[in-house]
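Following: one structure in structure tokens, then a few remarks.
Letters go in sequence order (proteins before strands), and every chain restarts at 1. Here the structure is a predicted model, which means the values were calculated and not measured.
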Amino acid sequence: MSNPPAARARDAGWYVAVDTRDNANAFTIAIPPPNVTGSLHMGHALMLTIQDAIVRHARMRGMNTLWLPGIDHAGIATQVVVERELRREGLTRHDLGRERFTERVWDWKARSGDRIYEQMRVMGASLDWDRAKFTMDPDMSRAVREAFVSLYEQGLMYRADRMVNWCPSCRTVLSDLEVEREEPEEGKPNAELFAFAYPLVDGTGEIVVATTRPETMMGDTAVAVHPDDPRYQGMIGKHVRHPFAERTFAIIADPILADMTKGTGAVKVTPAHDFNDAECGKRNGLASISILNPDGTLNDHGGPFAGMDRFVAREAVKKAITDAGLARGATPHAIPYARCQRSKDILEPIASPQWYVTMKPLAEKAVRAVEEGRCTFTPEEWTKTFNYWMTNIQDWCVSRQLWWGHQVPAWYCADCGATTVSREDPTACSACNGGRIERDPDVLDTWFSSALWPFATLGWPEKTAALETFYPNSVMETGFDILFFWVARMLMMGLHFMGDVPFRRVLLHGMVCDEKGNKMSKVKGNVIDPLDLVHGATLREIVEHASQGAPYEEALKRFSEAYPSTSALKEGFPAFGADAVRFYLASHPPQSRKINLNLARLQGYRDFCNKVWNATRFVLTHIADVGERPTGAFPRPDSVAERWVLSRVAHAVSEVNRGLDEFRLDEATAAVYQFFWYELCDWYLELCKPVFDGGSAAAKASYKLTLAHCLETSLRLLHPFMPSLSEECWQNLPEAARRRQTCGGLAEGLAVNPFPSALDGARDPEAEAAMATLKGVIESVRRVCAELGIKPGAAITPTLRTSDEATLRVLAEYDGAIRRLTRAKEIRGELTHGGSERPRGVGYAVSHGVEVMIPLAGHIDPGAEGKRLEKDIAKVRKEAESLAKRLNNPDYTGRAPAEVVARDRDRLQELHDKDQRLQAALSTVAELSSPQA
RNA sequence: AGGCGCGUAGCUCAGUGGUAGAGCACCACCUUGACACGGUGGGGGUCAGCGGUUCAAGCCCGCUCGCGCCUACCA
């Protein structure tokens with residue numbers, strides 16, 4: 001599939017041509033190709049977000065990274081959509097004929113496919129557009145044909161006439177997986193068990209059977225009873241007369257089919273339209289009479305009911321039976337309906353010749369590969385589910401009675417009946433060499449071509465360089481709902497045709513649901529279009545996108561029920577932007593099976609994007625003159641603040657890398673979010689301000705370089721999650737602050753610069769400890785002020801007292817910062833050697849061994865301070881008590897690890913100290929409130 | 001029926017045997033110079049319940065209750 005040239009130019013910022021010879025460094029993800037039927041939904045947005053983050057991470061780490069785009073022809077789904085379109089014109093596909101119909105589908109596909117690719121670009125997906133594949137591209141068709149023919153030659157592809165699930169709406173057979181079971185609700189019968197009598201031929205009586213599908217009696221060829229059933233001992237072997245057909249049939253004994261405890265104990269046998277009856281028919285050599293046409297109407301075997309739809313016939317049969325005096329009552333009954341995954345129509349079991357793939361030997365290999373760890377699942381729990389399904393696997397019915405898809409490459413000879421399966425279209429029968437051969441009209445299950453995706457997209461069956469380099473793929477990332485449909489089948493086909501797993505790691509994500517946790521569907525009217533979140537949309541647009549063709553008021557009601565938080569929504573969604581939507585989606589852990597859309601949280605990430613933008617703006621106004629530094633060099637400052645922030649950068653870098661490596665994007669996003677907002681912005685940026693305002697030239701230069709480094713590193717860390725904003729900000733940085741990497745003559749961009757790594761600095765425990773003290777002191781001053789109701793503008797003059805000289809030096813160094821951040825007029829530092837008195841009338845707190853004392857200057861209610869102190873004392877004592885209790889337990893001190901116990905002892909000592917100081921403080925406050933004492 | 005999960009703050013959800021967390025919401029204060037899509041401070045928990053293992057359990061084991069999903073079968 002070609003791409004508009006403009007797209008390529010726009011993507012040039014990240015684009016690096018993959019090297020098809022660099023296998024050692026290869027990193028590959030083949031996208032789960034979206035169905036060509038529609039536009040992108042939230043599930044796609046999630047998939048694109050996760051994969052793009054992983055891919056950008058790999059690319060920035062210098063991997064030879066291929067993310068291969070594609071679209072799936074989606075056999076039934078697409079055919080149904082185009083047929084619906086035709087119906088609006090008053091046409092059916094049969095009016096057009098096969099050739100013109102498929103042409104029409106191709107037209108439709110061209111429009112739809114381009115739109116899907118465009119939407120992927122909006123989400124920021126850095127796909128390798130030149131390698132885009134459509135599952136019906138000529139080379140893909142060739143791969144499909146090769147796979148089919150070689151499976152046939154190996155005896156793993158065969159045709160058999162068996163019971164299958166037939167969808168009368170789609171007029172095709174379905175595989176077991178495409179059958180949806182609809183369980184009846186507890187205690188709510190959804191059908192009727194209708195009993196009627198077959199009169200015995202010898203006139204000695206009748207036998208009563210019960211069924212939920214009375215119309216199938218037109219295909220009955222026996223009545224079965226249990227051989228041990230005392231009720232029917234005399235009847236076995238007798239014959240009954242069919243009331244509406246010229247035939248009689250036997251009452252047989254079948255212990256497997258007949259269940260004495262159910263119904264009347266006698267069961268009608270319809271070998272042509274029931275899985276169990278078919279087995280019974282085989283066991284007992286019964287005739288099989290098919291009564292259904294492909295569209296679900298009754299055929300000539302339906303006798304008087306021929307031509308009626310099965311449900312119309314059901315009522316007609318019941319009436320006829322009743323009229324004949326054979327009805328024997330009806331009771332409400334609960335049965336699970338088997339429905340078509342696509343049309344939701346009720347399926348009919350019929351016997352039909354279809355193509356099957358033998359699964360057992362293929363599945364065994366796949367199970368072994370997973371057992372041996374050649375392919376791993378995340379979350380791990382899926383391994384069990386996978387194994388269970390794979391060890392109970394049934395043969396795969398791959399033929400479909402559709403027109404849209406890969407046509408089965410089998411020809412049947414009109415003369416000798418032989419089947420010719422061939423890579424090239426044959427002109428003669430391979431058995432008798434006769435020319436009267438006709439091609440099987442059926443096409444293959446969509447998932448058959450999908451199963452070949454990881455290698456067919458790379459050129460298989462040709463031995464291409466790309467195949468050599470990028471197979472196995474590194475990661476398969478997709479929804480858990482298609483684990484069996486797709487992942488398992490790719491594993492089997494990959495192992496079979498390539499001799500190796502198709503991918504090393506499988507990451508399965510959950511499903512994006514509405515606020516209430518319901519799966520999004522147009523029928524429920526709770527679908528949210530990710531692009532509406534990205535671009536913003538009016539309420540009307542949102543609601544119209546949420547359901548399909550429902551009246552507005554009705555649609556609005558359903559939408560509001562699904563999203564209670566939007567009840568106040570008048571204007572619709574603001575434009576959150578693709579980056580915020582991505583960051584939001586990436587923030588969920590992989591084990592979440594449901595992701596309930598949370599607009600408040602999304603807005604939180606929109607705010608974060610804003611924060612990044614504003615922080616960048618601030619930094620830019622100060623670092624224009626930042627000094628040159630060679631690529632790879634990072635600052636080595638002396639100050640506590642700088643050393644601390646660099647240490648925190650190092651921490652964030654390692655957390656983000658770990659998160660991405662372990663597929664914990666939630667942890668990676670949390671780490672960069674917390675660092676950027678709570679450390680870089682809340683603290684380092686604020687500590688820069690006094691330096692920029694009045695610091696020495698050397699200090700300014702150093703702080704700026706550190707600031708530039710931190711911002712630049714942050715933007716690189718953010719890039720996998722918010723590519724547009726990070727790139728935009730990064731491009732605005734002065735040359736000197738940017739890392740620069742030339743990439744094949746294309747525009748340089750953040751996307752092709754190295755991802756932060758251990759090279760970007762290390763943890764600095766000393767600086768972190770010093771900074772903890774500084775932060776603790778500042779926070780204590782603020783807390784005391786807040787709790788005592790000291791106005792922010794008040795001219796407070798806190799005294800900071802410590803016995804540690806180094807701490808005092810740090811506090812002195814940051815005098816300006818402390819004043820600025822606490823709005824204090826003046827800070828006094830005091831060195832104590834223990835036993836110092838606490839001055840009277842001060843607000844008091846202790847943090848990290850530093851006593852914080854704020855003269856209250858008579859404006860303060862001493863009672864409030866007293867209350868606060870009492871509360872603190874109670875808190876401290878409670879903790880100390882439980883800690884002491886634990887430390888008095890010899891079992892604990894004897895068995896717990898030494899460092900755990902030591903930590904507790906330190907903590908207890910600290911609590912005792914604090915308790916004493918608070919006590920002293922409380923007594924001075926008491927004095928303050930009664931100065932006469 | 002079998003299998004896999006889930007139950008943690010008002011809501012949505014993290015949590016790796018060692019002092020219970022985040023975002024949003026809430027309360028109070030602050031229109032400070034990157035940002036009110038902001039800042040500061042605060043309140044809020046019987047970690048569904050019961051029992052067990054352990055010095056120590058939200059986490060491990062068993063049972064119960066409630067809620068999902070998957071697979072199979074049911075004239």
Presence of [X] side-chain N/O under 4.0 Å of [N] phosphate oxygens OP1/OP2:
X         : N       : result
Lys516(A) : rC67(B) : no
Arg783(A) : rG42(B) : yes
Trp677(A) : rG39(B) : yes
Lys689(A) : rA34(B) : yes
Arg593(A) : rC69(B) : no

Just jot down the side chain to side chain contact (heavy atoms under 4.5 Å, CB included) partners of Asn518(A), sequence neighbours excluded, or say none.
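Asn518(A) satisfies side chain to side chain contact (heavy atoms under 4.5 Å, CB included) with Asp514(A), Lys516(A), Lys524(A), Asn526(A) only.
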When every nucleotide of nucleotides 10-22 of chain B is labelled 5' to 3' by its protein contacts under 4.0 Å (heavy atoms), B for base, S for sugar-phosphate only, - for none, what sequence of letters results?
--SSSS--BB---
Nearest-Å distance once atom [atom1] is located in both [N] and [M]:
N       : M       : atom1 : value
rG15(B) : rC69(B) : C1'   : 23 Å
rA9(B)  : rC60(B) : C1'   : 25 Å
rC26(B) : rC35(B) : P     : 24 Å
rC13(B) : rG17(B) : P     : 24 Å
rG7(B)  : rA14(B) : C1'   : 15 Å
rG62(B) : rG68(B) : C1'   : 23 Å
rC65(B) : rA48(B) : C1'   : 8 Å
rU32(B) : rA36(B) : C1'   : 12 Å

Once you round it to whole Å, what is the distance between [atom2] of [N] and [atom1] of [X]?
X         : N       : atom1 : atom2 : answer
Met722(A) : rC37(B) : CE    : P     : 18 Å
Asn518(A) : rC67(B) : CG    : P     : 15 Å
Tyr388(A) : rG5(B)  : OH    : C1'   : 16 Å
Arg820(A) : rU32(B) : CZ    : P     : 13 Å
Leu685(A) : rA34(B) : CG    : C1'   : 7 Å
Gln394(A) : rU71(B) : CD    : P     : 13 Å
Leu483(A) : rC70(B) : CG    : P     : 13 Å
Asp904(A) : rA56(B) : CG    : C1'   : 10 Å

Taking the side chain as everything from C-beta on, heavy atoms only, tell me whether Arg231(A) gets closer than 4.5 Å to Met260(A).
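Yes. Closest side-chain heavy atoms under 4.5 Å.
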Tell me whether the centres of the aromatic rings in Tyr703(A) and Phe692(A) are closer together than 6.0 Å.
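Not close enough - the centres of the two rings lie 6.0 Å or further apart.
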Base, sugar-phosphate alone, or nothing: which one does [X] contact when heavy atoms must sit under 4.0 Å apart?
X         : value
Glu779(A) : sugar-phosphate
Glu686(A) : base
Cys609(A) : nothing
Asp693(A) : base
Lys611(A) : base
Asp277(A) : nothing
Thr212(A) : sugar-phosphate

Under the 3.5 angstrom rule, does the side chain of [X] hit a backbone N or O of [Y] as a donor-acceptor pair?
X         : Y         : answer
Arg606(A) : Arg601(A) : no
Asn165(A) : Pro349(A) : no
Arg782(A) : Leu821(A) : yes
His226(A) : Ala266(A) : no

Which residue lies toward the 5' end of RNA chain B, Thr211(A) or Asp607(A), if each is placed at its nearest nucleotide?
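The residue mapped nearer the 5' terminus is Asp607(A).
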Residue mapping more 5' on RNA chain B - nearest nucleotide basis, Thr893(A) or Trp683(A):
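That would be Trp683(A).
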Consider the side chain of Arg617(A), meaning its heavy atoms from C-beta on, and name the nucleotide among rG5(B), rA34(B), rU40(B) that approaches it most closely.
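Shortest atom-to-atom distance from the side chain points to rA34(B).
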Please give the nucleotide sitting opposite [N] as a Watson-Crick or G-U wobble pair, both distances under 3.5 Å, or none.
N       : result
rA28(B) : rU40(B)
rA1(B)  : rU71(B)
rG23(B) : rC11(B)
rG66(B) : rC6(B)
rU53(B) : none

Within 45 degrees of the ring normal and closer than 6.0 Å to the centroid, is that where the cationic atom of Arg328(A) sits relative to Phe196(A)?
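The answer is no; the distance or angle limit is not met.
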When you measure from the centre of the six-membered ring of Phe618(A), is the NZ or CZ of Lys689(A) closer than 6.0 Å and no more than 45° off the axis?
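Judged by the rule (NZ or CZ under 6.0 Å from the ring centre, within 45° of its axis), Lys689(A) counts as positioned above Phe618(A).
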Show every donor-acceptor pair shorter than 3.5 Å between a side-chain atom in residues 667-675 of chain A and any protein atom, with sequence neighbours excluded, or say none if there are none.
| from | atom 1 | to | atom 2 | distance (Å) |
| --- | --- | --- | --- | --- |
| Glu667(A) | OE1 | Arg658(A) | NH2 | 3.3 |
| Thr669(A) | OG1 | Leu665(A) | O | 2.9 |
| Thr669(A) | OG1 | Asp666(A) | O | 2.9 |

